[in-house]
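First listed ligand is number 1; within each ligand, the first listed atom is number 1.
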Amino acid sequence: MSGSSGTAAVVEATPVDSGPGAGDWAAAESLLRNLSPDARVLLVCHVNPDGDALGSMLGFALGLRRLGVRAMQATFPGPPEVPVPFQGLPGLDLLVPATEAYPDPDLVICFDAASESRLGELVDRLDTAGASLVLDHHASNTRFGGVNLVDPHAAATSVVAEQLLTRLGVGLDAGIAECLYVALTTDTGSFRFEATTPAVHHLAARLLATGIRPGDISRRVFDTRPFGAVRLFGEVLGRARLEPAPAGGRGLVWTWATLDDLARHDQRPYVLEALIDSVRCTAEADVSCVLKQTAPGEWAVSLRSKGAVDVSRVALALGGGGHRFAAGFTGRGTAEEVVDRIRGQLDDAVIPPAAP
Ligand code: AMP
Ligand code: MN
Ligand code: MN
């Protein structure tokens, strides 16, 4: 079912940008507390999953296991390939390919997906499941679940997941904590981005107190890549272009990587996820962009801003979504054509100066 829930229906819907209200939390708690002992729970995160998608999903799944949920699967749309940096995550034993996911679970829980389109071929579970629950932190979230816990002020979906686990009386253990820590560090850029509030550091402290090893985790997740990827990065960064004019003169830096680039260096697509972090360092541009070819004439586009431009506006206008300073979409055509469309949106996406 989608768009309704017994408990949520009696409570006024809460506007998305204020975060979940008491009624939303109560509805989510009641869904999980009232599961029958043999209920089948399907956890789904967004296509091409990142650390927050996988970490919040698996951390929450481990928490549900502690609550006594037995029949449980975690999955994501597309090929069932877990990016190497996340292959050490606790809870991966729960993961099944999308093709093997329960066709009609009693409850489906979605993680880190702003809209149904991010669920790919698993979107039908919103209708076939007995109930649906959405955990997310995108301001643009369309509230596509029966119950929606959407907090645009949360640094990661894992923040919402941990709050729900706490309400359910599930304390942290090292397995849950490692998953949630990977999610939190992924989405805060290892505690560097704007959303890194005191509350984020308090949560990190509680996660670390379980005994997890932040050095090992960060090395595995962020600081390890095959030598072929190092050389591939050299090539792709070497062809980056800097354009001062776009975004009302705030500047755009961009580059692209093709399937042929990956093949020549014998690399899997996941290695390209870290590229944007090298490109966005460019001092002379507010906006950075990496186009990663996914098929002939098709690109996964990453956009970042240093703070002058709302790149989620650009991404939304071009069929994608995301956050103000980190967004993406699927681009079609040549790389030059896709970048042309981005240039065309950038002036309108400059954030006006705050009123005095
Ligand atoms: P990425 O550049 O892939 O790290 O993505 C940055 C953010 O943009 C993600 O956290 C998503 O919220 C969003 N995003 C990326 N790609 C898409 C897409 N194709 N559709 C909607 N949102 C996207
Ligand atoms: Mn994500
Ligand atoms: Mn996220």
Asp52 near the Mn ion (ligand 3): N/O/S under 2.8 Å: yes
Option set Gly331, Gly321, Ala53, criterion heavy-atom distance to atom 13 (C) of ligand 1, minimum: Gly321
N/O/S from Asp187 sitting under 2.8 Å away from the Mn ion (ligand 2): no
Pairing of Arg324 and Glu194 as salt bridge, 4.0 angstrom limit: no
Electrostatic pair Asp93:Arg65 at N-O distance under 4.0 angstrom: yes
Centroid separation Phe191 to His201 less than 6.0 Å: yes
Cys45 near the Mn ion (ligand 2) via N/O/S, less than 2.8 Å: no
Residues Arg343 and Glu336 bridged, charged N to O under 4.0 Å: yes
Heavy-atom proximity to atom 11 (C) of ligand 1, best of His323, Arg304, Arg118: Arg118
Ligand 1 to His138 polar contact by distance, N or O atoms, under 3.5 Å: yes
Within 6.0 Å of CZ in Arg33, more than 12 heavy atoms from elsewhere: yes
Atom 7 (C) of ligand 1: the protein heavy-atom neighbour that sits closest, reported with distance to 0.1 Å: Ala326 O, 3.6 Å
Ala114 near ligand 1 by a heavy-atom separation under 4.0 Å: no
Atoms in ligand 1 flagged as close to Gly320, the criterion being non-hydrogen separation under 4.0 Å: 20 (N), 21 (C)
Ligand 1 N/O within reach of Leu303 N/O, cut-off under 3.5 Å: no
Heteroatom distance test (Val301, ligand 1): nitrogen or oxygen, under 3.5 angstrom: no
The Mn ion (ligand 2) - closest N/O/S atom in Asp112: OD2
Minimum-distance N/O/S atom that Asp50 presents toward the Mn ion (ligand 2): OD2
Protein heavy atom under 4.0 Å of atom 9 (C) of ligand 1: no
Contact flag His138/the Mn ion (ligand 3), N/O/S atoms, threshold under 2.8 Å: no
Element-labelled atoms of ligand 1 that are located less than 4.0 Å from some non-hydrogen atom of Ser302: 1 (P), 2 (O), 3 (O)
